[in-house]
2 protein chains.
Amino acid sequence: MTFSEENYLKTIYHLTTHLNTEISTNAIAEKMETKASSVTDMLKKLAEKDLVNYKKYQGVSLTENGQLAAKMIVRKHRLWEVFLVEKLDFSWDEVHDVAEQLEHIKSEKLINKLDTFLGNPTEDPHGDPIPDANGNIIKVEKQLLSEIGIAKKTICVGVRDTSTEFLQYLDKQKIALGSSIEILSKEEFDASLHLKVNNQELVVSSKIAGNLYVQLI
Amino acid sequence: MTFSEENYLKTIYHLTTHLNTEISTNAIAEKMETKASSVTDMLKKLAEKDLVNYKKYQGVSLTENGQLAAKMIVRKHRLWEVFLVEKLDFSWDEVHDVAEQLEHIKSEKLINKLDTFLGNPTEDPHGDPIPDANGNIIKVEKQLLSEIGIAKKTICVGVRDTSTEFLQYLDKQKIALGSSIEILSKEEFDASLHLKVNNQELVVSSKIAGNLYVQLI
DNA sequence: AATAATTTTTAGTTTTGTCTAAATTTTAAT
DNA sequence: ATTAAAATTTAGACAAAACTAAAAATTATT
Ligand SMILES: [Mn+2]
Ligand SMILES: [Mn+2]
Ligand SMILES: [Mn+2]
Ligand SMILES: [Mn+2]
């Protein structure tokens with residue numbers, strides 16, 4: 001499988017887990033910053049290889065084969081992110097681009113030994129689940145902070161936006177995976193939240209709250 | 001720089017260190033298992049980018065830029081090999097193909113942090129030197145076992161052939177980097193050597209002796 | 001020095017993945 | 001039910017990196 005084919009599969013996989021319908025050509029094109037015509041060409045090729053179900057004008061979904069292949073790429077991406085943070089001392093906002101490259105290294109032995117070396121982690125540095133060697137994923141209950149009621153006590157367990165800007169904002173506010181977050185009050189006007197984060201009070205916008213995953217304690 | 005350009009540079013670099021002349025189109029083609037015409041095309045492109053000195057029909061050599069670029073690829077290749085052996089428990093005959101892929105990952109931060117993580121090794125699992133971040137190489141005195149006189153005591157410090165077959169032969173004979181090797185006698189007829197390796201007697205052909213690097217004690 | 005053999009380059013194709021522009025299909029709006 | 005708008009596909013072109021076959025240059029041999 002080529003570098004490019006792998007990136008298409010991964011994109012379709014991510015779009016499928018967020019939305020839950022057939023994926024449109026344009027959605028793929030937008031996410032990959034390419035043109036719809038290029039997407040169409042690739043979808044034909046992937047369909048030929050039985051990696052996607054594709055009917056003209058009808059959108060696309062992953063086949064069993066395609067889904068497993070996509071999960072293996074995601075597995076590699078997230079394991080490498082763990083490696084970079086845990087072993088090489090990268091910060092969580094620096095790992096994505098390097099992992100985008102490392103995810104395409106082809107060696108089952110490598111990825112499984114890496115998995116062992118890292119202690120078979122189930123989540124990456126952003127709280128996203130890591131598929132095991134068979135593609136199984138441990139699903140953890142989590143909700144967006146924006147969807148939680150007042151006076152609830154929670155733990156931060158993930159981020160929805162993984163951009164450098166957002167992650168660095170969280171660093172600045174000392175919010176990390178594992179931080180305790182209590183919702184003190186919500187401002188009606190703009191849905192901003194008054195929080196207690198690790199015993200420090202903090203006000204965050206609804207945009208921030210809509211990108212933080214938490215678990216109720 | 002593309003994957004392919006990097007492979008050409010690396011090949012020219014390796015050919016240059018072995019031979020010490022201008023490198024021929026055919027030599028590159030043979031090493032890369034490609035056609036001479038493809039090599040010519042690429043040499044033009046590399047010359048355009050000031051990575052090689054190329055004049056039609058006259059062979060090719062690396063420019064300063066090209067040499068540094070090649071060394072950085074070799075650096076990555078060898079550091080990854082150390083990682084695979086030291087941290088992931090690969091054996092020395094399994095690492096080359098994976099390192100061929102990993103050497104193309106583009107991130108200065110990654111390779112320098114990896115270097116630190118590994119304790120700034122100066123040699124890879126096959127005894128080959130690892131260039132530092134500036135391209136400097138610590139050259140270690142070593143000679144082929146086939147060029148050493150009788151009754152000399154030596155330490156194995158490297159291999160010339162790094163094929164799986166040769167490395168597995170060495171494993172079978174319990175010869176590794178650091179093994180003590182004493183030459184007991186040489187057979188005139190076929191230049192085979194009677195050795196004492198780690199206090200075990202062993203006979204090896206001249207082909208073996210011509211692929212083992214040793215240091216006199 | 002002339003010719004033969006070898007090496008290298010050029011010219012013209014092919015494949016992969018991309019693009020633009022035009023045509024087609026689907027969806028939305030009147 | 002038409003028409004307009006949007007989404008998608010097709011057609012044709014291009015760049016990268018490979019190939020084959022033919023031409024040109026170099027090297028070796030007589
Ligand atoms: Mn990532
Ligand atoms: Mn991640
Ligand atoms: Mn190697
Ligand atoms: Mn090596």
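Order of the sequence lines sets the chain letters (A, B, ...), proteins ahead of strands, with each chain counted from 1.
- The aromatic rings of A:Phe117 and B:Phe83 sit perpendicular to each other, their planes meeting at more than 60°, with 30° as the lower class boundary.
- Rounded to whole Å, the distance from CD1 on A:Ile28 to C1' on D:dT8 is 12 Å.
- The side chain of B:Asn26 places an N or O atom within less than 4.0 Å of a non-bridging phosphate oxygen (OP1 or OP2) of C:dT8.
- If you measure from atom NZ of A:Lys56 to atom P of C:dA23, you get 16 Å, rounded to the nearest angstrom.
- Within 4.0 Å (heavy atoms only), A:Ser38 reaches at least one base atom of the nucleic acid.
- A:Glu103 pairs with exactly one of A:Lys10, A:Lys76, A:Lys71 by the salt bridge (Lys or Arg N to Asp or Glu O under 4.0 Å) rule, that one being A:Lys10.
- For the residue pair A:Asp161 / A:Ser163, a side-chain donor-acceptor distance below 3.5 Å is found, with atom types taken as modelled.
- Rounded to a whole Å, the CD atom of A:Glu22 is 18 Å from the P atom of D:dA7.
- Taking only distance into account, the side chain of B:Thr40 never meets the base of C:dT10 through a donor-acceptor pair shorter than 3.5 Å.
- In plain terms, the two heavy atoms of B:Val82 and B:Asp124 that are nearest each other are CG2-CA, 3.7 Å.
- Among C:dC19, C:dT8, D:dT26, the nucleotide with an atom closest to any side-chain atom of B:Gln58 is D:dT26.
- Counting non-hydrogen atoms under 4.0 angstrom, A:Thr25 reaches the backbone sugars and phosphates but no base.
- OP1 or OP2 of C:dT16 has not a single side-chain nitrogen or oxygen of A:Tyr8 nearer than 4.0 Å.
- Under 4.0 angstrom from either OP1 or OP2 of D:dT9 there lies no side-chain N or O belonging to A:Lys44.
- Residue A:Glu33 contributes atom CD, which lies 13 Å from atom P of C:dT18 at whole-angstrom precision.
- Applying the 4.0 Å criterion to OP1 and OP2 of D:dA18, one finds that B:Lys35 has every side-chain N and O outside that range.
- Between the CE atom of B:Met42 and the C1' atom of D:dA16 there is a distance of 8 Å, rounded to whole Å.
- Distances shorter than 4.0 Å separate none of the side-chain N or O atoms of B:Ser37 from OP1 or OP2 on C:dT10.
- When rounded to the nearest whole Å, the span between CG of A:Asn7 and C1' of C:dT18 equals 14 Å.
- We find that NZ of B:Lys55 is positioned 17 Å from C1' of C:dT9, with the value rounded to whole Å.
- Donor-acceptor pairing under 3.5 Å is lacking for the side chains of B:Asn134 and B:Arg75.
- The residue among A:Asp41 and B:Tyr54 whose nearest nucleotide of DNA chain C lies closer to the 5′ end is B:Tyr54.
- Annotation: A:Lys207, atom NZ; neighbour count of heavy atoms from other residues, nucleotides and ligands within 6.0 Å does not exceed 12.
- At the phosphate of C:dT16, neither OP1 nor OP2 sits under 4.0 Å from any side-chain N or O atom of A:Thr2.
- Here the nucleotide nearest the side chain of A:Ser4, chosen from C:dT9, D:dC19, C:dT18, is C:dT18.
- The base of D:dT9 is not paired with the side chain of A:Tyr57 by any donor and acceptor separated by under 3.5 Å.
- Contact annotation for A:Phe3: no contact, since no heavy-atom pair falls under 4.0 Å across all strands.
- Rounded to an integer number of Å, the gap from CD of A:Glu48 to C1' of C:dT16 is 15 Å.
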